[in-house]
Amino acid sequence: MPKNSLNVSLKGADDIFSTEESRQEQQREQVQQIPIGELFPFKNHPFKVLDDESMQRTVESVEQYGVLSPLIARPRPEGGYEIISGHRRQHAAQLAGLDTLPVIVRNMDDDAAVLLMVDSNLQRENILPSERAFAYKMKLEALKNQGARSDLTSGQIGPKLRSDEQVALDAGESRKQVQRFIRLTNLVPELLDMVDEKKIALNPAVELSYLDEAQQRDFLEAMNDTQNAPSLSQAQRLKKLAQEGHFSYDVAFAVMGEEKKDELDKVVIKNDTLRKYFPRSYTPKQMEDTIIKLLEQWQRKQQRQNER
C-alpha cells in the first residue's frame, strides 16, 4: 500500500444516526429529580410566598398530581441549587411532604438569572406593589449591567434603549410608572406594607419615598396619631417641607390632621366605638342595618313631636 494513502474507516448508518442522536440529547435540557433540601431561594427574591388560599389549592394539586412543571435552578458555589423559577411550587411541595422535585438545572450568571426570575414571576395575576417595586429595580440593574439595546428600530444600528424603557416595554407599563414603583423601594417596611394593604395609595407613597428614614418614621407616627391616610396633595406638601428643611413630627401631625375636602360630608364612627353597643356576633352589615332602623325610628319620633 502506498505510504501516502489514507486509512479511512467508514461508519455504518446506525453509528452515524446514534452519534447525532446522542449529540442532540446532550444539548437538550434534562429534568432532574433533586432532593427538596438541596433547593434554596433566590437571593433577595422580591416575590412573597404566602400560605393563603391560592397556596392551599396548589398544595392540594401537588398532593394529587405531583409537581407537573419543573423548577428552574442554577448550581450554587457552596453546594445545592438556587431556585430561579418555582418558589411557590417548592413551598407547596414541602407542605405536601414531597422529598424530591423535578428541576431543570442551568448555568447562568447573576444578571441572566435575575432577568429570568423576574420575568417568570411577573406573569402572575396578583402582584403586590412591593413585589413589583423590587422586581423592577432588580431587572433594571441587571439590564444596566448587560447593556440593554433596542431591536425595534428599522436601521441596522439603532439607538441604545434606556434600561428603564426596556423594563417598561416588557412589563407593559409606562417608563414613568416603572420609575414610580422603583421609588417605593425607598420606603421603610411599615409604610411599604401599608401600600400593599391599600392603606396608602401609590402616588402619595411615591412622594413620601423622598423623605429620609427618620422623617418617614415621624410621618408614620403622625399618621397613626391622626388616624388619617395621606392624600396626594398632603404627601407633596410634606415632601416639599422636608426638602426645605422644615419637616418635623409636629408639622406632619398638623398636615395629617387637616380635614380633606372629600371628608367634609362624611361621618366616621370607629368600630371600637360601635362594638360596645352590639353583640360580638354582629357583622358590620348587621350593625349598619340596626343603626339605620334606629335612626328611622328617631326621625319618625321627631316628626310626631314637631306636629304637636
Side-chain angles (χ1 to χ4, degrees), residues 46 48 126-134 136-137 164 168 173-278 280 282-296 298-299 302:
K48 298 177 182 179
N126 300 314
I127 303 176
L128 296 171
S130 64
E131 295 176 320
R132 199 176 293 276
F134 283 101
Y136 285 168
K137 183 178 182 180
D164 55 357
E173 302 262 25
S174 69
R175 183 169 61 86
K176 286 291 186 183
Q177 188 72 343
V178 166
Q179 292 173 341
R180 288 189 189 98
F181 274 110
I182 292 177
R183 281 297 320 174
L184 297 182
T185 63
N186 294 287
L187 291 173
V188 297
E190 296 88 340
L191 286 177
L192 190 54
D193 287 342
M194 288 185 173
V195 179
D196 284 344
E197 296 163 3
K198 299 182 179 180
K199 294 178 179 178
I200 299 179
L202 174 64
N203 288 334
V206 170
E207 300 299 320
L208 295 172
S209 72
Y210 289 91
L211 306 181
D212 63 31
E213 181 176 349
Q215 291 169 339
Q216 287 186 40
R217 296 202 176 279
D218 281 342
F219 163 79
L220 185 62
E221 185 177 354
M223 177 180 169
N224 290 334
D225 290 346
T226 59
Q227 291 293 296
N228 284 328
S231 66
L232 177 58
S233 62
Q234 286 175 321
Q236 289 171 334
R237 286 167 58 198
L238 291 171
K239 172 187 172 183
K240 184 177 181 181
L241 288 165
Q243 291 173 336
E244 294 172 348
H246 301 311
F247 186 94
S248 66
Y249 164 79
D250 291 335
V251 168
F253 183 88
V255 172
M256 293 305 298
E258 296 172 351
E259 288 185 320
K260 303 182 182 69
K261 290 182 180 180
D262 61 347
E263 293 180 351
L264 295 178
D265 295 330
K266 292 182 181 179
V267 176
V268 179
I269 305 176
K270 295 180 181 179
N271 280 341
D272 292 343
T273 303
L274 292 175
R275 281 292 175 191
K276 61 184 179 182
Y277 298 107
F278 293 92
R280 290 185 178 181
Y282 266 46
T283 64
K285 176 62 175 170
Q286 289 175 312
M287 292 166 59
E288 180 183 349
D289 292 342
T290 302
I291 292 172
I292 295 299
K293 288 179 181 178
L294 291 172
L295 287 173
E296 289 174 348
W298 176 82
Q299 184 183 47
Q302 290 296 110

**Student:** I'd like to know if the side chain of Glu244 and the backbone of Leu241 have a donor-acceptor N/O pair within less than 3.5 Å.
**Tutor:** no

**Student:** Could you state the interatomic distance from CG (Leu238) to CD (Gln215), rounded to the nearest 0.5 Å?
**Tutor:**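 Going from the CG atom of Leu238 to the CD atom of Gln215 covers 9.5 Å.
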
**Student:** Locate the shortest heavy-atom distance separating Ala235 from Pro204; write the atom from each residue and the value.
**Tutor:** CB-O, 3.5 Å

**Student:** Is there a side-chain contact between Leu208 and Pro230 in this structure, where contact means two heavy atoms from C-beta onward sitting under 4.5 Å apart?
**Tutor:**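 A side-chain contact under 4.5 Å exists here.
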
**Student:** Using side chain to side chain contact (heavy atoms under 4.5 Å, CB included), reason through Gln286 and Asp289 one step at a time and then give a plain yes or no.
**Tutor:** CA-CA 5 Å; Gln286 289 175 312; Asp289 292 342; 5.7 Å; no

**Student:** Kindly indicate, with the supporting measurements, whether the criterion side chain to side chain contact (heavy atoms under 4.5 Å, CB included) is fulfilled by Phe134 and Leu192.
**Tutor:** CA-CA 11 Å; Phe134 283 101; Leu192 190 54; 3.6 Å; yes

**Student:** To the closest 0.5 Å, what do you measure between CZ (Phe219) and CD1 (Ile200)?
**Tutor:**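 Interatomic distance, Phe219 CZ to Ile200 CD1, rounded to 0.5 Å: 5.0 Å.
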
**Student:** Please determine whether a side-chain nitrogen of the Lys or Arg among Glu207 and Arg237 lies less than 4.0 Å from a carboxylate oxygen of the Asp or Glu.
**Tutor:**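 Salt bridge between Glu207 and Arg237, a charged N being under 4.0 Å from a carboxylate O: no.
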
**Student:** Looking at Met256, is its backbone amide N or carbonyl O close enough to the side chain of Asn228 to form a donor-acceptor pair, meaning the two atoms are under 3.5 Å apart?
**Tutor:** yes

**Student:** Gln216 vs Leu220, test: side chain to side chain contact (heavy atoms under 4.5 Å, CB included). Steps then yes/no.
**Tutor:** CA-CA 6 Å; Gln216 287 186 40; Leu220 185 62; over 6 Å; no

**Student:** Would you say the side chain of Tyr277 lies within less than 4.5 Å of the side chain of Thr290, judging by non-hydrogen atoms?
**Tutor:** no

**Student:** So does Arg217 pair up with Glu213, basic N to acidic O under 4.0 Å?
**Tutor:**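 Looking at Arg217 and Glu213, the cut-off is met.
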
**Student:** Looking at CG of Leu295 and NZ of Lys293, how far apart are the two atoms once the value is rounded to the nearest 0.5 Å?
**Tutor:**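 Here the rounded value is 12.5 Å.
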
**Student:** Taking the side chain as every heavy atom from C-beta outward, state whether Asp196 and Lys48 have any pair of such atoms under 4.5 Å apart.
**Tutor:**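 Of all side-chain heavy-atom pairs linking Lys48 with Asp196, at least one is under 4.5 Å.
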
**Student:** Can you tell me how far CE of Met194 sits from CG of Leu187, rounded to the nearest 0.5 angstrom?
**Tutor:**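 Nearest 0.5 Å value for the CG-CE distance: 11.0 Å.
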
**Student:** Taking all heavy atoms of Thr185 and all of Ile182, pick out the closest pair and write down the distance.
**Tutor:** OG1-O, 2.6 Å

**Student:** Can you tell me how far the CG atom of Leu191 sits from the CG atom of Leu184, to the nearest 0.5 Å?
**Tutor:** 10.5 Å

**Student:** Could you go through Tyr210 and Asn186, starting from their C-alpha distance and side-chain angles, then the distance that decides it, and tell me whether this counts as side chain to side chain contact (heavy atoms under 4.5 Å, CB included)?
**Tutor:** CA-CA 8 Å; Tyr210 289 91; Asn186 294 287; over 6 Å; no

**Student:** Given side chains that start at C-beta, do those of Phe278 and Ile291 come closer than 4.5 Å, heavy atoms only?
**Tutor:**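 When only atoms from C-beta onward are counted, Ile291 and Phe278 do touch, with a gap below 4.5 Å.
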
**Student:** Among Arg180, Gln179, Glu173, which one satisfies side-chain hydrogen bond (donor to acceptor under 3.5 Å, both in side chains) with Gln177?
**Tutor:** Arg180

**Student:** Can you tell me how far CG of Asp164 sits from OG of Ser174, rounded to the nearest 0.5 angstrom?
**Tutor:** 10.5 Å

**Student:** Looking only at heavy atoms, which two atoms of Asp218 and Tyr249 are closest? And how far apart?
**Tutor:** O-CD1, 3.6 Å

